[in-house]
There are 2 protein chains.
Amino acid sequence: MKGIRRLAQELEISIGTVSRALNGKPDVNEQTRQRVLEAAAAMGYVPNQAGRALRKGSTGVVGFMMQSGSQITGQGDVFFMSVFDGVQMVCARHQLDLVVLLCSSEEDPDAYLQRVVARGFADALIISATKRHDHRIEFLARRKIPFIALGRSLTDVGHPWLDLDFEGMAQTGVDRLVARGHSRIGVFAPNDDTNLGYVFIDSYRDALHRHGIAFDPDLIFRTYPNDRGGHEMGERIAAMPAGRRPTGFILTNEMLTVGLYRGLHDCGIRPGADFAVIGRHSTHAQYLNPKLTCFYLSLRDLGIQLAESLLATMPAYAEQYPLGVVRKVLPLELIEGDSDGPAPR
Amino acid sequence: MKGIRRLAQELEISIGTVSRALNGKPDVNEQTRQRVLEAAAAMGYVPNQAGRALRKGSTGVVGFMMQSGSQITGQGDVFFMSVFDGVQMVCARHQLDLVVLLCSSEEDPDAYLQRVVARGFADALIISATKRHDHRIEFLARRKIPFIALGRSLTDVGHPWLDLDFEGMAQTGVDRLVARGHSRIGVFAPNDDTNLGYVFIDSYRDALHRHGIAFDPDLIFRTYPNDRGGHEMGERIAAMPAGRRPTGFILTNEMLTVGLYRGLHDCGIRPGADFAVIGRHSTHAQYLNPKLTCFYLSLRDLGIQLAESLLATMPAYAEQYPLGVVRKVLPLELIEGDSDGPAPR
DNA sequence: GCTTGCTCCGTAAACGTTTACGAAATTAGG
DNA sequence: CCTAATTTCGTAAACGTTTACGGAGCAAGC
């Protein structure tokens, strides 16, 4: 005899009552409920996930899908860890468990998601690293599975998403550098189909246009969004002839920022003196020298908002989070440092 | 009509046969098996996880438990991402899915593990950040749940584990620095109960003893194992009077290494010139200047070995991985750089 | 032709829950 | 005291699989 049966036998009541007591149903005597609760705690009873999921058709877990291999996402552990922490805080409030679903670098994300969904791993999903055109969005919408995307996409089915304010970063970055006399401003663009690159570049062009500065495609640097890519960009910049070289740079990615900083440094270009850098905050970036001027956002808050927006789309929790369909861009704070130094010569 | 029933109806055979065909059982005509396989693929049928788990008593997933909040684990960067990738590669070979179970920074790891196990999330578990005395190990052993620990522990129930060779790092580190004339060698120790600290410090003392150098407790620096802690250590070192100050340092943690490097740098102490540093390799560390002398280990390989050793303890896979109970220390390679520079003055 | 063995397949029970339904016991209302 | 309403609980079906069991069909051996 195992599980709920054993508990029921112990208490000499029926399994139905035990289940109701445990699940907070109203039609059970408050006194027996207490007995059940105590006995359950004493025996360390926890409802079997499979049985419950089978019967209820829901699992009580929310999945966070991400691609492994930072060479792809460009986000290191600390990025996601912090986000997870926020997501989980909210989930814990509702007895929801968070599991991280890791799509191997060798598997197709679309296929992976299909499997995850078909197997019924989770009731709701958070997907990250959204592509410009993302099949996962259509798929989840068609299946009517609650989900939220971290990152906008051209694939729009009226689904909820959260994203960083790349427009804002491009604009304030350009404004700031132009105000200091820069006109050749370099930016990074991912070399794949992740959507954020397009959004950022478009805003960058707009901002330049507002200032009457011609757009130069040579100032867009395509590489992998990790520190290696950043380092390599630094070397490429150093290798450019003085006239064609950018005099400043705007970055929205943590790892990339650190890499670029080092890459410039190794080539004898000093950020804040010879070259202006506006980057993205990270724990590493705190120790860069000279102090980095950067965009900051609390990743834990991002996680919290992600989770709350997701719950808002789940029937069972919607009334507790009356947010509607959240499609929001989160602004970043500019932390002033010394890396966007003086005017170019 | 859903799931396997629908499939069976479509094919006009019984659900039993469908199930057997799908699961590769021998007693099914090869021709009908093909028909079933094709139909399943066409309809996008994937067995429901809950039903299967309930019946079989196993889930086909392996869980990787970790604590969130890099301020605790001390592993930032891409440590876990890389390990995951290795684990998953092996899992995928056996149709096993990897899920990451994230214990929130607000929850007790022991309680979290209990919940995870009771709910039947996974068939087998990998636990990380093992403590010197770790209840999780006893718990899992008592429940006879296949698991492997990333990190040794004094709690020893004859369970499998994998760990980095901290003894080796301490010895080669000390040998190398002593050979260059150092006698005051600083090391880091975690300020909590994680076991690796003890192992490392013990070996460090032994190594000193072999060289006839007295052990000075002031040369053990306790702080958080992250970059902030490393930076702070650098400042503390700089603040010490010249005679009591270490002239070199040995580190086994990625983030800490980067932090220390910066901390020293910011205080005007130049690694490789004024001070010797032997650290731990990471993607970030590659760009430190001067080039870091460091210990390297392929994290993906670590993941692969973890997974294979875990499968070796699972009855269903044991014969494919005849490794026995793996309890192994993985050696690290020393990559020579310039940071462990010249002799002290 | 009868038995034996083999191949293939259908039937039904089981896994551990939740929950609709109805029954028993109690209380309230008159 | 009878009826109606309410509270509390037990019963049993259902969720989607897997698998033990047995039966049908057929070939082979004698």
Side-chain angles (χ1 to χ4, degrees), chain A residues 1-37 39-40 43-61 95 97 115 117-123 316, chain B residues 1-37 39-40 43-61 95 97 115-123 143 316:
Chain A
M1 194 74 75
K2 306 169 49 180
I4 201 173
R5 284 209 158 64
R6 169 133 171 271
L7 195 53
Q9 195 178 33
E10 201 82 15
L11 291 163
E12 294 181 335
I13 56 181
S14 79
I15 60 170
T17 306
V18 174
S19 176
R20 280 192 299 269
L22 256 24
N23 289 15
K25 300 286 174 183
D27 55 347
V28 44
N29 187 305
E30 203 50 46
Q31 184 179 337
T32 60
R33 186 197 302 279
Q34 286 310 322
R35 280 181 55 217
V36 171
L37 254 30
M43 295 176 45
Y45 168 78
V46 177
N48 174 285
Q49 171 69 1
R52 163 181 289 220
L54 184 55
R55 169 63 222 225
K56 304 224 307 182
S58 74
T59 62
V61 345
Q95 265 95 270
D97 271 306
R115 229 181 52 227
V117 167
R119 294 190 86 181
F121 259 138
D123 295 341
Chain B
M1 193 73 75
K2 307 169 48 180
I4 201 173
R5 284 211 159 62
R6 170 132 171 271
L7 195 53
Q9 196 178 33
E10 201 82 15
L11 291 164
E12 294 181 332
I13 56 181
S14 78
I15 60 170
T17 305
V18 174
S19 176
R20 280 191 299 269
L22 256 23
N23 290 15
K25 300 288 175 182
D27 54 349
V28 44
N29 187 306
E30 203 50 45
Q31 184 180 337
T32 60
R33 186 196 303 280
Q34 286 311 321
R35 280 182 56 217
V36 172
L37 255 28
M43 295 177 46
Y45 168 77
V46 177
N48 173 285
Q49 169 70 2
R52 163 182 287 221
L54 184 55
R55 169 63 221 227
K56 304 224 307 182
S58 74
T59 61
V61 345
Q95 262 95 272
D97 270 306
R115 229 182 51 229
V116 163
V117 167
R119 293 191 88 182
F121 259 139
D123 295 341
R143 293 283 197 109

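To find a chain, count down the sequence lines: A is the first, B the second, and so on, and within it residues start at 1. Both backbone and side-chain heavy atoms feed into the values below; hydrogens, waters and symmetry mates do not.
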Subject >> Interatomic distance, B/Leu7 CG vs D/dT17 C1' [rounded to whole Å] >> reply: 13 Å
**OP:** Kindly write out the residues that satisfy side chain to side chain donor-acceptor pair (under 3.5 Å) with B/Glu30, not counting sequence neighbours, or none if the list is empty.
**Re:** B/Arg33
Subject >> Polar side-chain atom of B/Asn23 near backbone of B/Lys25 as donor-acceptor pair, under 3.5 Å >> reply: no
Subject >> Donor-acceptor under 3.5 Å (A/Arg35 side chain, A/Leu11 main chain) >> reply: yes
**OP:** Take nucleotides 8-16 of chain C nucleotide by nucleotide from the 5' end and write B, S or -, depending on whether a protein heavy atom sits under 4.0 Å from the base, only from the sugar-phosphate, or from neither.
**Re:** BBBB-BBBB
Original post:
To the nearest 0.5 Å, what is the distance between CD1 (B/Ile4) and CZ (B/Arg52)?
Top reply: 9.0 Å
Original post:
When rounded to the nearest 0.5 angstrom, what distance separates OG1 in A/Thr17 from CG in A/Asp27?
Top reply: 8.5 Å
